Structures are given as C-alpha cells and as structure tokens.
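The structure presented is a predicted model; accordingly, all values stated were derived computationally and were not measured. All chains are named by letter (A, B, ...) in the order of the sequence lines, taking the proteins before the strands, and each is independently numbered beginning at 1.
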Amino acid sequence: VKELMLSPLVLANTETPTSKLSSELISISRRNQFCSNLNVGIINLATNSGGDIPEFDNGESVCAVGNSVLGASVLPIENFVRGVENDSLPPTSSAVWSMGIERICKQTATTYVNTNALVKATDELSFSINQILTDFLGVPSNHPLYANFSSAMTELYNSARDDGLGNVLARREMFSFVCESPELIGVGL
Amino acid sequence: MSNKLKSKQRRDFIQNCLVANGAIGLRSLLLGLPPQYLLRGDVTAANAAKKFLIFSERRLADPVNANIPGTYVEGIRHAKVSEAGDIAAGFETPVPFTLGSQSVVAASPWAGLPANIRQNLHFIHARSNTSSHNDSINVMGSFSSIKDLEGRGQELLPSAVAQETATGLGTLQVKPFTLSGFLSYNSVPEGKTSPLSLKNLLGDSSSSSTSIGALRDTLMDQVYASVKSGGTRAQKKFLDNFAISKSQAKTMSENLYTYLEDVSGNESEDQVKTAAALVLLKIAPVIRIEMRFGGDNHTDGTLIREVEETIEGVNAINTLWTKLTEYGVQDQAVFALSNVFGRTLETRYANAGVLKGRDHNQNHSAIILLGSSIRGGVSGGLDPAFNNLACTGINAQTGLSADADIIAGQTHISSMKTIMAACGVAEEKINERMLGGKIIRSCLAAS
C-alpha cells in the first residue's frame, strides 16, 4: 500500500510513460478551489495576527466582494447537474481566466492590506512578507520557494515605491503577486 | 585547410541548406515561418484566404430548419396568424426573394435581410443522424468523422478549423473563443466567457501599471526558475501556459473594451457584437456562439416562440454582418450555424385537437453559411418520398437533390467539410482531417 501511495501514479512527482502521453496533469484552480484557498489563507492570516477570524464558507464571501464578483464570474465552477452540457471542466489557463484571477487578487489585497487590516502597512516589510508567505500562502520559511518569493516580493515592493506608490499600495502589489502565483492558481503543481 | 577555403565551404553549406528540399530553407527565411510548418503544406496561395469562423450551435436544437427556403412545400406546418397572431403573417405566407442568383421563398425575416447579405447566404438541407440533445458534442465532431491533429479520436469542427487557420490568421490565441455553449479543444474542455462577463471584466481598470506588471512577470519567472528548468513536462507546460495567458490578457485588456460598449447582456445580439470585435482584433480564429431560433419547442403549440425567436435570430445575423462590415473585416469571416438536430416539420397534436410544437428530427436540419467565400443559394431539399419530412441527398457540384452523389446520411459531414473549405483550408487537409462526405461546391463562391 505504501509503495502504491508513493508511486508516481499517485504523486505525479516524476513522469511515467502514461503521463508523457497525457495532455495535462496539472489543472488550473476553478472558482471553488481558488476562492476556498483564499478563504483558508485569510483565516490563517487573521488567526496569527489577532484579527477577526472570518468564517470558512468555501470562499463564497471572499469572492463576493467588489471586483471579485467580476473576476469570479469568468472562472469555471464545479457545479455538476445531470444532463446539462458536460461534466468536464477546463484544466488549462486562458486569457480571460487569468484576468479573472487578477481581479479577485487585487480586490482581496485591497480588503486585507491596509493601515489597520490583517497585513498592516505600518509593520516592518520583512514582517509583512513573512506574514503573506507563511500565513496566507502556506509556504514555511524552510521551503525552497520561500527565499525566492521573499526576494521577489522585496524587489517588487521597492520598484512600486520607486514608481511613486505609497506604503499600502506597494504592499498590495506584493500580496496580489503571491495571490496570483502558481501555488494558488494551480492544482497539483 | 586555409581560412578562406573553410569560409567558402561554410558559405556553400549554408547556401545548399537554403536551396535544398525545394528551397524550403530559403522560403523559411523569407517568410519567417519554420521549415517544419512549411513542410506541412499549409502555406500556399490559399493561405492568404484563411478566414475567421463564427460558429453557432445549440444543443437545444432550435427549429431553424422549419422556415428556410425549401420548406414551403406540401405537408410542412408553419405558424399561422389564426394561431400565433399577426406576427406570423410572414411565416404563414412565404415571401419570394433571391439568394445570389437563385429565386426562393421562405419566411419573411430571411427575405428582409439586405441584398448584400443574401448574395452570400446559403442554406443546406442536411441530417445530423441523431435526435438526442446529448449528442451535441458528437455532432460537432460528426460522430468522430473529424479527427484530431494526429489523425485519431474526435475533434470538434470549431477546434479543427482553429487548428488549421490560427497560424495563417495570426491570432492572439490559437484556440477558439467560446462566448456560449460547450466546446473542447484537443479533447480538453474549454472555458466559456459570456459577452457581459467579458465586458465587465475588461471595464475594470484595476490592473497594475505597465512597468510593475512587466516586473511581476519577470519576478514570477525567477521564483519558478528551478521548476522551469528541472520540473516535469506537465509543470513546465502549466507555467508556460500561465505566462502566455497573462500576456494575452494584457493585449485583450488594452484593446477590446471600446468595442463592447453596446453589449448589454448575453443574448444573440450581444454575442454577435462581441464576436465581431474578437474578429476585428484577431483574438481567436473561431468564435463559438449560440443563436436562439425558437429553442426546444415541443410545447410551443402556436409556434409563437418560434416566430419571435426566428425574427430575433435573423436580426442577429444581420447585426453580425453589419458590424463586420463596419469594421471592414466582412471578407475575412465566415458565419456558420449547425445545431445538434432539426425539428419535426409536420403538424403534431399533444391530445386530440391540442397542437404541439415541434419534436426532435434526426432526418432534417438546417445548416446556414454566410461569407464572401459563400455563394448565395440552397443545397439539397426535402424528400417527397418521405412526405417531405426528411432531407434528400445532394449533388456536390450543383447542390441539387437530383443526381445526388452525397447520400442523405453524409450531408452533415459534407456540410462540415464545406465550412472548413469556406474558411480557406486546403482540400487535401480537409480530407486528411475529415472522413467521408464531400465538399458541397455549390455553396462556395470560388467553385
């Protein structure tokens, strides 16, 4: 059983003759998955920053705020109804899907990154970066991607400030950068 | 070996490479296209004539087949003023008009289309060989008669056309753009975006500034550099697709919104306005839509819904062509409509004296073609041997039922081949991708 569960057929961590032939192993996040991921990340942020902890509602609330509604409206949703069209969902990204993700992330950043929000503009930059990566994204500091993300976020923040953005807006750029990363927008990466 | 000699040999080698295999290297250099692409045989003079396809299909199988030219014959029921009201007058009494050089009679909405549209409007009487809504996908693939790029499985017509025309058209994306209805590409389901969602999405200007946006893309590449270099094929493919999508999204955001200002919903009119804009901006080679022509009208006893939505559907075709003409791209596009099946044509009763609407009909459906590569007219017709309730075969050259060399059962795949030909795909390629049937040359302007 152990060997079976650790096999590439289950983990898909290495290629098999079958996976080489198949078109996709990794899917885009659909609306339910993406919004739920955001919901969980925000709960973690709130839990560790002492804020009001939002309810887990499969991401329905987080994707129903402001421009997130526009973004969510173009993401495919897992809503199977017998006899209606097709029960398969698109696994590949598209321009429109990408725009939808961007809108949701921008809105989420606006809501949760502010002077007195979960990610505070008054905190040290390194603290905010660590908060976004470990709490929101779920990438611990010993993960290989942590250092890459941290350095990219710092560069993005500094460029945004050089471009004339304030402390809050520059942090929002960092937040939405992480929010739109393949860690959150893909399933099985 | 002297340097001069070495240099000459290298020059000879390059020269020989360029002129070898029918100068494929030289052609590649001049055209900026890879040799592999040229060897596929796609690049011919006809390549300049590749056309965008706006393809309408509804799994509800609207009764579009009931009021077209060729249906005003004995035994066919049409809406009556006494049952549906004055709006049905032009359906009860057909109106004469011309399609190209052919004189026909049909319901008044068709006659009311401008002459420039009727010049290039063609109706094919066909049969889809099914009466099940669930065969919608199979009919778009002509029951596996349309093969994928490797000659296997089933590809759907809109996707097959896109695969053959995207490069020639130079579109932003190679896949079709779905505004309504289901579509798969290479057997993988595609997402759909309704016109209003697209408009609203593009109208929101919360994107990062251009410079920060570009930096974000670069930084994201850096974060995932190790995955890109050492990841699995699927991981790399996912990241590449994501990067391409982001880049396409930027181009769409910059240009499309201004053309969608009068889109206010997701109706047929909204879909065709959006489709015309997507063609103008070369977003996708094929735009997949769903035009209403009466719906699944079993219970439409008076046929009033059929009348109202037929008027709406024909108006939408008019709007589509008006928009394409306004944008100056009418010669670069083909419109085609083909539903999963047609509707029954005779009078039917639910109970004694209670009229029914129309049921499913696997023996007759209408395929509509419009475009500069289309010759106005009608191909095929209703078969008197079956009380005019089923389609005849078609003579591929004349379009007539007489001397048919396409049997009734092959009229659908033949129509699909004709759509592909109208989009500028070479006949050799069509026959490679699509099994059975023949191109109906009477439909094509150049034949």
Does any backbone or side-chain atom of [X] lie under 4.5 Å from a heavy atom of chain A? Answer side chain, backbone, both or neither.
X: B:Met220; result: both
X: B:Leu239; result: side chain
X: B:Lys250; result: neither
X: B:Phe177; result: side chain
X: B:Ser136; result: neither

Exercise. State plainly whether the residues B:Glu155 and B:Lys147 are in salt-bridge range, i.e. N to O under 4.0 Å.
Key: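 Answer for the salt bridge query: no.
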
Self-check item: Residues B:Asp62 and B:Arg292 bridged, charged N to O under 4.0 Å
Solution: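 No salt bridge links B:Asp62 with B:Arg292.
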
Self-check item: Proximity of residues 124-131 of chain A to chain B, residues having a non-hydrogen atom under 4.5 angstrom
Solution: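 Heavy-atom contacts from residues 124-131 of chain A to chain B are absent.
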
Quiz item: If we only count heavy atoms from C-beta on, is the B:Lys273 to B:Leu260 side-chain gap below 4.5 Å?
Solution: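 No; the side chains remain at least 4.5 Å from each other.
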
Quiz item: So which of B:Asn200, B:Val223, B:Thr193 has the largest heavy-atom pair count under 4.5 angstrom toward chain A?
Solution: B:Val223

Self-check item: Heavy-atom donor-acceptor pair, A:Ser29 side chain to A:Leu184 backbone, under 3.5 Å
Solution: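 Indeed, once roles are kept as given, a pair shorter than 3.5 Å links the two residues.
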
Practice problem: Evaluate whether atom OH of A:Tyr157 has more than 12 neighbouring non-hydrogen atoms of other residues, nucleotides or ligands under 6.0 angstrom away. | Solution: yes

Quiz item: Passes salt bridge (charged side-chain N to carboxylate O under 4.0 Å, His left out), B:Arg216 versus A:Glu180? Steps please.
Solution: CA-CA 10 Å; B:Arg216 283 171 53 139; A:Glu180 289 177 53; 2.6 Å; yes

Quiz item: Which residues satisfy the ring pair (Phe, Tyr, Trp, His ring centres under 6.0 Å) test with B:Phe55, sequence neighbours excluded?
Solution: none

Practice problem: Determine the sole option in B:His360, B:Arg59, B:Arg58 for which the side chain to side chain donor-acceptor pair (under 3.5 Å) test with B:His133 is passed. | Solution: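 Among B:His360, B:Arg59, B:Arg58, the one that satisfies the side chain to side chain donor-acceptor pair (under 3.5 Å) with B:His133 is B:His360.
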
Quiz item: Do the side-chain N and O atoms of B:Ser194 and B:Ser197 include a donor-acceptor pair separated by under 3.5 angstrom?
Solution: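 Yes, a side-chain donor-acceptor pair sits under 3.5 Å.
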
Quiz item: If you count heavy-atom pairs under 4.5 Å with chain B, which of A:Ala152, A:Pro182, A:Ser94 comes out on top?
Solution: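 Most heavy-atom pairs under 4.5 Å with chain B: A:Pro182.
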
Quiz prompt | Option that, when pairs with chain B are counted at under 4.5 Å, heavy atom only, ranks first among A:Val74, A:Leu75, A:Ile28, A:Thr110 | solution = A:Val74

Quiz item: So, A:Phe136 versus A:Phe175, ring centres under 6.0 angstrom or not?
Solution: yes

